[in-house]
Every structure is written in structure tokens, then in C-alpha cells.
Number of protein chains: 2
Amino acid sequence: MGITIRKIAKDLKLAVSTVSKALRDSHEISDETKRLVFEHARKLQYVPNPYAGSLKNRTTRNIAIVLPEVADTFFSNAINGIDSVAQAKGYHVMVYLTHESREREESILEELRSGRVDGILISVSVGVKRDSAVHARLAQDLPLIFFDRVCDEVATAKVLTDDFEASYKATTHLISKGCREIIFLDTAAGLSITDQRRSGFLKALADHGIKNGDRHVVQCSEDENESLDTIQKVLRRKNKVDGVIGSVEKLAIQTYTACHACGLSIPRDVKVLAFSNLQIAALLAPPLTTVVQPAFEMGKAAATLLFKALARKVDLRTERIVLPSVLHERESTQ
Amino acid sequence: MGITIRKIAKDLKLAVSTVSKALRDSHEISDETKRLVFEHARKLQYVPNPYAGSLKNRTTRNIAIVLPEVADTFFSNAINGIDSVAQAKGYHVMVYLTHESREREESILEELRSGRVDGILISVSVGVKRDSAVHARLAQDLPLIFFDRVCDEVATAKVLTDDFEASYKATTHLISKGCREIIFLDTAAGLSITDQRRSGFLKALADHGIKNGDRHVVQCSEDENESLDTIQKVLRRKNKVDGVIGSVEKLAIQTYTACHACGLSIPRDVKVLAFSNLQIAALLAPPLTTVVQPAFEMGKAAATLLFKALARKVDLRTERIVLPSVLHERESTQ
DNA sequence: GTGAAAGCGCTAACAT
DNA sequence: ATGTTAGCGCTTTCAC
């Protein structure tokens, strides 16, 4: 049993409400009483129970981040961005990992309708549909903000990067380096971000007179071994691949592994480029050309939006923030 | 206003208590009533408010992880391990980042005495003392478990790796490769893990007849630029350094950067080895020899211990789990 | 088998 | 300026 407001009241022979008001520095309470209360509270090391008051005013000062995984530099940096504003606002952060399971994501969201948190920031898992009913319903109950991986058709705030343009630019970069047989490594299920990236890729191919773009898109499994296998097969095929774009960080790493395994030299035999926030991209063999998303800033923007919503200062249904990503050219595409 | 138990009771013309019992599948309630209640609850999509009941039984089903940062493979993997058991137990995970600030860590812990969480898993920040009073007091109020970076003198559970032995082995490995002028890159403040690692390092030097071990220990700043600067100065000094041990992941990356900048070839001029969980160590130029900690398993072990403590099945004051780390030899020390 | 009532810690409307 | 009271959503005696 921790120290409660009631204990302080009893010790000081005051009413609970008086103590409550004193602690909240209400103007109705005399300075002398406040002083006494504060002092005693400090002496007893009183810490208010956050969930008691929360029952009344329906606010927990907790927010949730729902995401596929933490062992990914984009997500861990986004968490940092979110945390930076949450800490500043005195909010607490709950983290939920879906491990790319739609079912798990849905049951987590279902649970979150309970009032455990005041709002939610989410980057959806593979397999979640653009018009997911679960997400839409949640957005009715609580402030919900998508970042990076979104459900386009759910009417709530989204924080994104310019995936289409960045991918178009990246593809153009490869073409300018002489690549013609470029492969776009896609994720298995339709992720909003990879959809955009694929579109940008296809558009760039078309604009540069490369036909049959679809032939250049390769679906990779969520399973690491399968995916690695797929990539190796592609690299070994007759129509010699001379460029690879990894649509997500994991695929970049697998491409490197696959090239090593196939005895292909990067960038001589094949140029490689990936969407990735790996800080050590520059230390890889060879240094990897990356499209870097402003992960920290995206987290920060998403959290800022959430707090605005909690303060009823914004209508989330119409919010949409697009931040630019940056192409870092390195040896892997030289 | 979400759906409450009261609403269900009113709709069904039952008492709140009856509904409450029915939902908890109490034997005092008739099957028929239970059926009605469950059905109606499902129809209204009732989700119980977790903090209402929590007020009574003083349990939130929330646990906290307090750690220096997420953008570190050790920590993100540890989070995965913790999350895996928390999800299985139906618990929720709150994440607190200290960013290596003792003050921040202390104020977070202070806040956590409020009852926001049922227990805490922590890896302490740089600068926290072995006998930190704040940590000791918290351990009185709540189940507290240290993992990796601990306060030795605070009497509560600890989950560790065999840092001394692993470092001894790693140092011996470098010596066996012909290194004599080996540098141990230490963190600025006394971290339990780097203390152990340094001791193992010094013991190995002594055992192999290398005198004045202390001369081989270099303190690195928390500031990245300063630290990089220090490393470069060391690499350039007259007594040619032929081996480097990074005591934490960040220092390994900085060593690579520094070697590039100084035009030193790894492993020809200098062999490098680091305590690191980087998955892509094998893809670096050259592949980095690492001492890998079982991060996931440590998180899992720590969380498992916490849940045992919550079930009053263990006395945390005497618990101490030591898991082995593994030396992965790669080209950087060949 | 069902219901009434008290209470968890705190806030807020309403006395005094 | 301080106190009384009711109530947030739920659980848990204790009656009926």
C-alpha cells in the first residue's frame, strides 16, 4: 500500500479534497496549508496513483506505439522521435510488437479500445488491408495516427515519406549508372510503402524506355531463408541482373549476403541500393547506397500530431504530413 | 464513453455485480445468465477498463522496461525477448529511454513508484552508482530486475552475461593472433559490464606477460565526436597499436570509422574486435569479430523472472542468472 | 442464483 | 479557505 492522499489528509487533519487541491496548487487553498501539504507529501515520498484520477477524467497519460518490430533502425529511430515528445509532455509510452502478424495487430488494437492508453501511433503490419475495419473502428474511439506504413482508406492522420518520388529518383540513379536489368525486391504482402515505392520504380523504368516493368518486380517472402533463396535465384538467372533495389532494410542485407554467396561483386557485377536507415551503411563492404527516411522526425511529427489531437487542436481525419527522404550515394552503385 | 459493465447490466435488467461475476465466469451464476451476458457483451463490443479493477487489486498488467536507448541491437533484441514473454502472459510493456542520463533515469524510476506498472526491468545508464539509493528504494516497492547493466550492490535479481570470461577469451584471441599492443576502448563512466570486461582484459594481458595493463585502457567519451577523436589519436600514436577491443557496440563502429580515416587496414595494421550484437557484423568491411551476447534470451530470462516474482514464486534478492556470450571470429582479427 | 453496497485513490461540484 | 459528498468502472463481501 503506497502513500495515498488520504494518509496525508489524516496526518495533517485535513479533508482529502483539501489535500487534493493543495497538491494541484489550487488558488482556493491558503499558502500555509499548501506548504504543509507539499512538505508532508515530500516527506512521505507521496506519488499519486495515475490510474485513480484517470478513472474520472478518462485520461491515462499513456500512449501506444504499435509496430512490426524494434530491431530495425527505422522503427527504433521513430521510437526515439516519439519518445522525445512524449517525455517532454509527461506521457508514458507503451510499445506493442506485431511481428508482421495481422491477427496479432488486430487483437492488440482490440485491447487498446479499453482505455489503457489515450492515443495510438501505428505502423501497420504486412497483410493489413487499406481499408481495415479494425483500424477504422479504433480511429472512432481513440486518436489514431499512422506513420510510414498506413491504411490509405482509413480516415485519420498519416505521417509519410515521399516514397514514390524517392523510389523514382533512386531508380533513375541506377539507370544513370548504366543499369538496365534492375530488380525491385518487393515484400510479400501489399504494404502501403512498398506499393508506392514499386510505383515510383515502374514509372522510372517506363520513363526511361524500359518495357515490361512488372517483370522486374520480385516478391520476397517474410521468411528470411526463403527470401534469401529467391534473391539468389534471381541473381543467377540468365538475363543478367545489373541492379537491385531493396524496398526495405532487411532485403538490402539479404542482397549483400546473396551477392557474397553467388560470388557477385558489388558494384561491378551488380549495383545495389536500398531503402534503409542503417547508420553503418557506410561501413559495409562495399558502402551501401541508401534511401534514408527521416525516421526520428517522422516519429516526432506523429507524436506532435497526437498531442494536438488530445488537446482537441486538430481534426485528424484531414491531417497528412509528408517528409522527404534522402538518397545517399555510396560505392554500391558507383 | 465506452461500453461499461453497468450498461450491460441495465440492458439485461441485471445487477452490475451479476454481470461482473458472469463475465469472470463465476460458478455462482447460472449458465443461462452467463450466456446472455457474454452475448450482449460481445454485441456491444465491450472491453473492460483495465484501470478500474486495477484500483482495487493493485495490479495493472503493465511492466516497464527502462534502458539507455533502443537504437542498439543488444537492447532491441532484449526488448523482443521481454515482449515475447509479456505478450504470452497478457501483460503490456512500457518503454522508458534514459539516453544515458542518470538524472532522467532517476526521475523515471521515481515516477514508477506510483503504481503505473507492476514491475520493472532495467539496464542502467552510464553514471549510476553500484549502490544507487534510488534503485534500492524502488526495489523495496516493486519487483525490479536488472539485466546486463546492473547495480551490483542493490539486492535484487540480475540477469548477466559472463563478461569477464568473454573478455578474457577475446583478449587471448587477439594475443594468439600476434597482437601485443592491444587497446581496450572503455566507456567514460563505470558501467558494471565494462568494469567486468576491462578486468577480463587486464587479467588476460597479465597472464600473457604483458605489463602495465592499465596503459592499454582508453576512456572514450559519451560524445560521439570526442570519442572518435580519442580513438584516432590513439591509433596514430608512436607505440603502434595492433589490436583494439571495443567494449560496447558504438565503439566498434567508431573504430572502423577511425581506421578508415587514418588509412589503417583492418586486420593487417590493426585487428579489431568488439562486444556487439550487430547482425550485419559479417557484412562490414572487413567482417567484424564480435562477442555476441544472448540478448533475446537475456530479455526472456529477465521477464520470466519478473513474472515469477509477480506470482510470488521467487525471492528476487537472491536471483542471479548468468548466460554465456559467444565469440564470432571473423576477418577483422585474422 | 442474484442483488445491494462498500470501496479502491482521486477529483470536482457543492456546501459551509 | 476548508469540508462533504458523489462518482469514475469494477470487484467483492455479504444479504436475500
Side-chain angles (χ1 to χ4, degrees), chain A residues 1-38 40-41 44-62 90 111-118 141-142, chain B residues 1-38 40-41 44-62 90 111-118 141-142:
Chain A
M1 322 293 128
I3 305 299
T4 72
I5 219 174
R6 183 207 227 76
K7 159 93 171 121
I8 299 179
K10 199 195 277 178
D11 286 2
L12 264 36
K13 301 197 199 313
L14 286 171
V16 232
S17 59
T18 307
V19 176
S20 170
K21 286 173 191 162
L23 287 172
R24 331 191 85 233
D25 203 20
S26 160
H27 56 275
E28 327 181 42
I29 304 295
S30 75
D31 288 352
E32 175 59 6
T33 304
K34 281 186 193 169
R35 205 183 50 71
L36 254 69
V37 169
F38 275 120
H40 198 58
L44 297 185
Q45 299 183 135
Y46 167 74
V47 194
N49 180 312
Y51 301 134
S54 124
L55 254 192
K56 263 205 112 74
N57 45 246
R58 324 192 117 276
T59 170
T60 61
R61 294 188 89 76
N62 288 163
E111 244 263 10
L112 288 179
R113 293 177 52 242
S114 63
R116 194 176 286 270
V117 298
D118 297 345
D141 296 356
L142 281 178
Chain B
M1 318 292 127
I3 305 299
T4 71
I5 219 173
R6 182 207 229 74
K7 161 91 170 120
I8 298 179
K10 200 195 277 177
D11 287 1
L12 262 38
K13 302 196 199 312
L14 286 170
V16 224
S17 56
T18 308
V19 176
S20 170
K21 286 171 190 162
L23 287 173
R24 330 193 85 236
D25 203 19
S26 160
H27 57 273
E28 324 181 47
I29 305 295
S30 75
D31 287 351
E32 174 60 6
T33 304
K34 281 186 193 169
R35 206 184 50 72
L36 253 70
V37 170
F38 275 121
H40 198 59
L44 297 185
Q45 301 184 136
Y46 167 75
V47 193
N49 180 314
Y51 300 134
S54 124
L55 253 190
K56 266 205 113 76
N57 46 244
R58 323 193 118 276
T59 170
T60 61
R61 293 189 90 76
N62 288 163
E111 244 261 13
L112 288 180
R113 293 177 52 239
S114 64
R116 192 176 288 269
V117 298
D118 297 345
D141 296 356
L142 280 178

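Chain naming here is simple, since letters A, B, ... match the order of the sequence lines and numbering starts at 1 in each. All of these numbers come straight from a predicted model, not from anything done at the bench.
Between the side chain of A:R116 and the backbone N or O of B:P50 there is no donor-acceptor pair closer than 3.5 Å.
Across the interface with DNA chain D, nearest-nucleotide mapping of A:K34 and B:L55 shows A:K34 to be the residue nearer the 5′ end. Across the interface with DNA chain C, nearest-nucleotide mapping of B:G53 and B:L14 shows B:L14 to be the residue nearer the 5′ end. Nearer to the 5' terminus of DNA chain C, by closest-nucleotide assignment, is the contact made by B:D31 (compared with the other of B:D31 and B:K56).
Nucleotide D:dT12 holds its C1' atom 10 Å from the CG atom of B:N57, rounded to whole Å. To the nearest angstrom, P of C:dT2 lies 10 Å from CG of B:L36. In this structure, OH of A:Y51 is placed 14 Å from P of C:dC10, rounded to the nearest angstrom. If you measure from atom CD1 of B:I5 to atom C1' of D:dC8, you get 14 Å, rounded to the nearest angstrom. Look at CZ on A:R6: it is 9 Å from P on C:dC10, rounded to the nearest Å. As a whole-Å value, the separation of A:E28 CD from C:dT16 C1' is 13 Å. At whole-Å resolution of the value, CD1 in A:I8 and C1' in C:dG9 are 12 Å apart. If you measure from atom CZ of A:R58 to atom C1' of C:dA12, you get 16 Å, rounded to the nearest angstrom.
A donor-acceptor pair shorter than 3.5 Å can be found between the side chains of B:N62 and B:Y51.
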### Message
Using side-chain contact (heavy atoms from CB on, under 4.5 Å), reason through A:N49 and A:T4 one step at a time and then give a plain yes or no.
### Response
CA-CA 8 Å; A:N49 180 312; A:T4 72; over 6 Å; no

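Within the 4.0 angstrom heavy-atom criterion, no nucleotide atom of any strand lies near A:S54. Within the nucleic acid shown, A:K7 has no heavy atom closer than 4.0 Å to any nucleic acid atom. Within 4.0 Å (heavy atoms only), B:S17 reaches at least one base atom of the nucleic acid. Among the protein residues, A:S20 comes within range of the nucleic acid bases, having at least one heavy atom under 4.0 Å from a base atom. Residue B:K13 is classed as a sugar-phosphate contact, given heavy-atom separations below 4.0 Å to backbone atoms only.
Here the side chains of B:V19 and B:L12 are not in contact, with every heavy-atom distance at 4.5 Å or above.
The side chain of A:I29 sits closest to D:dT2 out of D:dT2, D:dG9, C:dG3. Out of D:dT11, D:dC14, D:dG9, the shortest distance to the side chain of B:T4 is found at D:dG9. Distance from the side chain of B:A15 is smallest to C:dA4 among C:dA4, D:dT2, C:dC10.
Look at A:R24 and you'll find a side-chain N or O under 4.0 angstrom from OP1 or OP2 of C:dA12.
Looking at B:D11 and B:K7, a side-chain N of the basic residue comes within less than 4.0 Å of a carboxylate O on the acidic one, giving a salt bridge.
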